[in-house]
Asker: 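Questions regarding the structure given below will be posed in turn.
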Amino acid sequence: MGEHESDAASGEPKKATKAAKAVKKAAVKKTAVKQPAVKQTAAKKTSAKQTAAKKSSVKQTAAKKTVAKKTAAKKTAVEKAVAGKPQPAGKPESPAALVRRARRINRELAEVYPYAHPELDFENPFQLLVATVLSAQTTDLRVNQTTPALFAKYPTPEDLAAANPEEVEEILRPCGFFRAKTKSVIGLSKGLVEQFGGEVPGRLEDLVKLPGVGRKTAFVVLGNAFGRPGITVDTHFQRLVRRWQWTAETEPDKIEAAVGALFPKSDWTDLSHHVIWHGRRMCHARKPACGACPIAPLCPAYGEGETDPEKARKLLKYEKGGFPGQRLKPPQAYLDAGGRPAPPLGAVSGT
């Protein structure tokens, strides 16, 4: 009896010990299984972070390359402008020197013409668009004298789109090339109605789709009706930038690119006004008034025109020569500076 009790008593602890060992062994196995899983998860997270870091680095590198390309492109454009222009005798002008001289000329002209503005009368984008198309191969003054009757009879694109061409031709006759211009203004009016709901679009790619509207016309409208910078390469602009040796290009789009590379985009619209105003008032095609020119020291072409100050002053036009300007309704700033409005059609202009 005592022996059986003793065996039973001694056997129970042994079984408990074995059970405990089995539990411990199982726990160790679970831990062993979990550890690789945890390590794999951690490894995956680390790999994901490294991949994200690499992607970020790639993006930053791409952004830096883009900026570098833009900078290089602008530098190349300036270098091309220098290489493409005739060099004066002596030391050639460097790209940096050309930029400095060009910007100084613009600053000087801004002081001479602080009230420079588009010289076409307009009250809305539609009127400016039509007036700019009509200004081809004639003066802004003639256009301003003609458009009051046109807009009085056809104030909207819808009105002009439905107009009788013969009646429009009669109104536009003083502008010259009146048949072609009639076709253009009626055509662009129809385009505005059919494609843009009767509104003038504010994008270059849309404007140039309209009949009779090229880049020059589009930039006039964008810069002066929508406040979006653009360079207006008209005959005056072409003549002056070549005289100043900013470029030797002769095609308008190439002139636009070459000159645009010399200035911040924000300067383009006012730059156009300054250059065009100077071309109309002093730096004329046939006989520039060199002796009265405020930027003569910066001009490589000084001496092509009249250099005597008294004789040169007699060559000045518009308000610089004491005559009326080109607008019938000019901005107040122009009037405050001593400018005089132009007379209506049929009146004696005095110019």
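The structure displayed is predicted, hence computed values, not measured ones.
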Asker: Should we say atom CD of E166 is surrounded by more than 12 heavy atoms from elsewhere, each under 6.0 Å from it?
Answerer: no
Asker: Which heavy-atom pair separates F226 from V200 by the least distance, and what is that distance?
Answerer: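 Shortest heavy-atom separation between F226 and V200 comes out as CZ-O, 3.4 Å.
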Asker: How long is the straight-line distance from CZ of F122 back to CZ of F151, given to the nearest 0.5 Å?
Answerer: 11.0 Å
Asker: For the hydrophobic clusters of this structure (ILVMFWY residues joined by side-chain heavy atoms under 4.5 Å, transitively), does one cluster hold both V259 and V220?
Answerer: no
Asker: Quick one: closest heavy-atom pair of G325 and L141, and the distance?
Answerer: O-CD1, 4.4 Å
Asker: If two hydrophobic side chains count as joined below 4.5 Å and joins carry through other members, does I231 share a cluster with V221?
Answerer: no
Asker: With a 4.5 Å heavy-atom cut-off, do Q238 and I255 have their side chains touching?
Answerer: yes
Asker: Kindly say whether V233 contributes a backbone atom to a donor-acceptor pair with the side chain of R215 at under 3.5 angstrom?
Answerer: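 It does not hold such a pair.
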Asker: Testing the basics here: between F237 and D234, what is the closest heavy-atom pair and its distance to 0.1 Å?
Answerer: N-OD1, 2.8 Å
Asker: Checking side chain to side chain contact (heavy atoms under 4.5 Å, CB included) between S184 and each of L134, V213, V133, which is the one that passes?
Answerer: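 Looking at L134, V213, V133, the match for S184 under the side chain to side chain contact (heavy atoms under 4.5 Å, CB included) is V133.
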Asker: Supply the atom-to-atom distance C290 SG to D308 CG, rounded to the nearest 0.5 angstrom.
Answerer: 11.5 Å
Asker: Does the side chain of M282 reach to within under 4.5 Å of the side chain of W277, using non-hydrogen atoms?
Answerer: no
Asker: Can we say E167 and K153 salt-bridge, meaning some charged N sits less than 4.0 Å from an Asp/Glu carboxylate O?
Answerer: yes
Asker: Using the side chain to side chain contact (heavy atoms under 4.5 Å, CB included) rule, take Y154 and V130 through it: C-alpha gap first, then chi angles, then the decisive distance, then the call.
Answerer: CA-CA 11 Å; Y154 309 106; V130 170; over 6 Å; no
Asker: Whether R281 and E119 form a salt bridge (side-chain N of Lys/Arg under 4.0 Å from carboxylate O of Asp/Glu) is what I want to check.
Answerer: yes
Asker: Compute whether any side-chain donor of one residue and acceptor of the other, for E319 and Y334, lie under 3.5 angstrom apart.
Answerer: yes
Asker: Can you tell me how far apart OG (S135) and CG (L128) are? Round to the nearest 0.5 Å.
Answerer: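 One finds 9.0 Å between OG of S135 and CG of L128.
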Asker: Does anything in residues 123-147 form a salt bridge (charged side-chain N to carboxylate O under 4.0 Å, His left out)? List the pairs, not counting sequence neighbours.
Answerer: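 Salt bridge (charged side-chain N to carboxylate O under 4.0 Å, His left out) check on residues 123-147 returns D140-R280.
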Asker: With heavy-atom distances below 4.5 Å as the criterion, would you say the side chains of Y302 and P297 are in contact?
Answerer: no
Asker: Tell me, do L160 and L192 make a side-chain contact under 4.5 Å, heavy atoms counted?
Answerer: no
Asker: For the backbone of L204 and the side chain of R228, can you confirm whether one donor and one acceptor N or O come within less than 3.5 Å of each other?
Answerer: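 Checked: no pair found.
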Asker: Mind checking whether W246 and I105 have side chains closer than 4.5 Å, heavy atoms only?
Answerer: yes
Asker: Membership question, hydrophobic clusters at under 4.5 Å side-chain separation (ILVMFWY): are V241 and F219 in the same one?
Answerer: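 No, it is not one cluster - the side chains of F219 and V241 are not joined through contacts under 4.5 Å.
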Asker: So, do P341 and R327 sit near enough that their side-chain heavy atoms are less than 4.5 Å apart?
Answerer: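 Of all side-chain heavy-atom pairs linking R327 with P341, none is under 4.5 Å.
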Asker: When rounded to the nearest 0.5 angstrom, what is the spacing between CG in N224 and CG in L120?
Answerer: 9.0 Å
Asker: Looking only at atom types and distance, does a side-chain atom of K181 sit under 3.5 Å from a main-chain N or O of C175, one as donor and one as acceptor?
Answerer: yes
Asker: Please list all pairs meeting salt bridge (charged side-chain N to carboxylate O under 4.0 Å, His left out) that have one or both residues in residues 284-298, counting only residues at least two apart or in different chains.
Answerer: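 Salt bridge (charged side-chain N to carboxylate O under 4.0 Å, His left out) check on residues 284-298 returns no pairs.
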Asker: Donor-acceptor pair, distance only, cut-off 3.5 Å: does the side chain of R173 make one with the backbone of F178?
Answerer: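 Side chain of R173 to backbone of F178, a donor-acceptor pair under 3.5 Å: no, none is there.
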Asker: Do V193 and V185 sit in the same hydrophobic cluster, where Ile, Leu, Val, Met, Phe, Trp and Tyr count as joined when their side-chain heavy atoms come under 4.5 Å apart?
Answerer: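 Looking at the clustering, V185 is in a separate group from V193.
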Asker: Taking N144 for its side chain and L328 for its backbone only, find out whether a donor-acceptor pair lies under 3.5 Å.
Answerer: no
Asker: With no hydrogens and no angle check, is any side-chain donor or acceptor of E249 less than 3.5 Å from a backbone partner on E251?
Answerer: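 Answer holds: no.
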Asker: Q145 versus P343: any side-chain heavy-atom pair under 4.5 Å?
Answerer: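 Yes, close enough: below the 4.5 Å cut-off.
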Asker: Give a yes or no on whether I186 and F177 share a hydrophobic cluster (residues Ile, Leu, Val, Met, Phe, Trp, Tyr; joining criterion: side-chain heavy atoms under 4.5 Å apart).
Answerer: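 No; F177 is not reachable from I186 via cluster members.
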Asker: For the CG atom of D267 and the CG atom of N106, what is their distance to the nearest 0.5 Å?
Answerer: 6.0 Å
Asker: Grab the two heavy atoms, one from P330 and one from D121, that are nearest each other, plus how far apart they are.
Answerer: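 Minimum heavy-atom contact is N-OD1, 4.4 Å.
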Asker: As a quick check of understanding, evaluate side chain to side chain contact (heavy atoms under 4.5 Å, CB included) for Q326 and T139, giving each step before the final call.
Answerer: CA-CA 8 Å; Q326 302 212 61; T139 64; 4.0 Å; yes
Asker: Could you tell me whether a side-chain N or O of K311 sits under 3.5 Å from a main-chain N or O of G291, the two making a donor and an acceptor?
Answerer: no
Asker: Return the minimal non-hydrogen interatomic distance between P229 and T269, and the atom names on each side.
Answerer: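 Reported closest heavy-atom pair: CA-OG1, 3.4 Å.
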Asker: Can a salt bridge be assigned to the pair E256 and K216 using a cut-off of 4.0 Å between side-chain N and carboxylate O?
Answerer: no
Asker: Testing the 3.5 Å rule here: is there a donor-acceptor pair between the side chains of H278 and Y113?
Answerer: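 On atom types as modelled, these side chains qualify, holding a pair under 3.5 Å.
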Asker: Answer yes when R104 and E108 have at least one side-chain N-carboxylate O distance shorter than 4.0 Å, and no when they do not.
Answerer: yes
Asker: Do other residues, nucleotides or ligands put more than 12 heavy atoms under 6.0 Å from E158 CD?
Answerer: yes
Asker: Taking the side chain as everything from C-beta on, heavy atoms only, tell me whether T217 gets closer than 4.5 Å to L207.
Answerer: no
